[in-house]
Amino acid sequence: MRYRAIDEALVATLSDGAVLLNLQTKRYFSLNETGTRIWELVQQTADEEAIVAALLHEYEVEETMARSEVRRILDELIDAQLIVPA
Amino acid sequence: QKPQRRPWTAPQLVVHESMVLQF
């Protein structure tokens, strides 16, 4: 499955995460460091499998855990209307 | 050495109040 960020999402990256503003809904959000990395990977690859592969390379995490956590955070980003299927 | 892998922390998305945005 592939995703892309909505055009109305503004992002400010911090040292330990990021702040996101959805200009459509006027709501804002924060992501922790891992969540921010997933957000960046969505912009770069858009592909869920590629995101999991990148995280396995960069973090000390089991594949099952990475896969389920990526799925969960993508669902949350969809619910927040910050990303949509590409 | 292999590339150093970072410790894993579960990704977290926190919803905040409306632009209430306290300043």
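Hydrogens, waters and symmetry mates are skipped; everything else that's a heavy atom, side chains included, is used. In this text, all values refer to a predicted model and were calculated from it rather than measured experimentally. So you know, we letter chains A, B, ... as the sequences are listed, proteins then strands, and number each from 1.
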Residue part contacting chain B, namely of A/L55, when any heavy atom lies under 4.5 Å: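 Just the side chain, heavy atoms under 4.5 Å.
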So does A/E60 have more than 12 non-hydrogen atoms from other groups sitting under 6.0 Å from CD? yes
Does [X] belong to the same Ile/Leu/Val/Met/Phe/Trp/Tyr cluster as [Y], with side-chain heavy atoms less than 4.5 Å apart forming each link?
X: B/V14; Y: A/V70; value: no
X: A/I6; Y: A/L77; value: no
X: A/I73; Y: A/L56; value: yes
X: A/I78; Y: A/V52; value: yes
X: B/V15; Y: A/V84; value: no

Where along residues 29-39 of chain A does a heavy atom come under 4.5 Å of chain B, listed by residue number?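 A/F29, A/S30, A/L31, A/N32, A/E33, A/T34, A/G35, A/R37, A/I38 fall under the 4.5 Å cut-off.
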Dump the intermediate steps for side chain to side chain contact (heavy atoms under 4.5 Å, CB included) on B/W8 and A/E69, then the final yes or no. CA-CA 11 Å; B/W8 173 258; A/E69 290 292 270; 3.8 Å; yes
Which atom names give the shortest non-hydrogen contact between A/R72 and B/A10, and what distance separates them?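 Heavy atoms of A/R72 and B/A10 come nearest at NH2-CB, 4.2 Å.
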Can you confirm if the NZ or CZ of B/R6 lies within 45° of the ring axis of A/Y59 and under 6.0 Å from the centre of its six-membered ring? yes
What's the spacing between B/L13 CG and A/L74 CG if we round to 0.5 Å?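 Nearest 0.5 Å value for the CG-CG distance: 11.0 Å.
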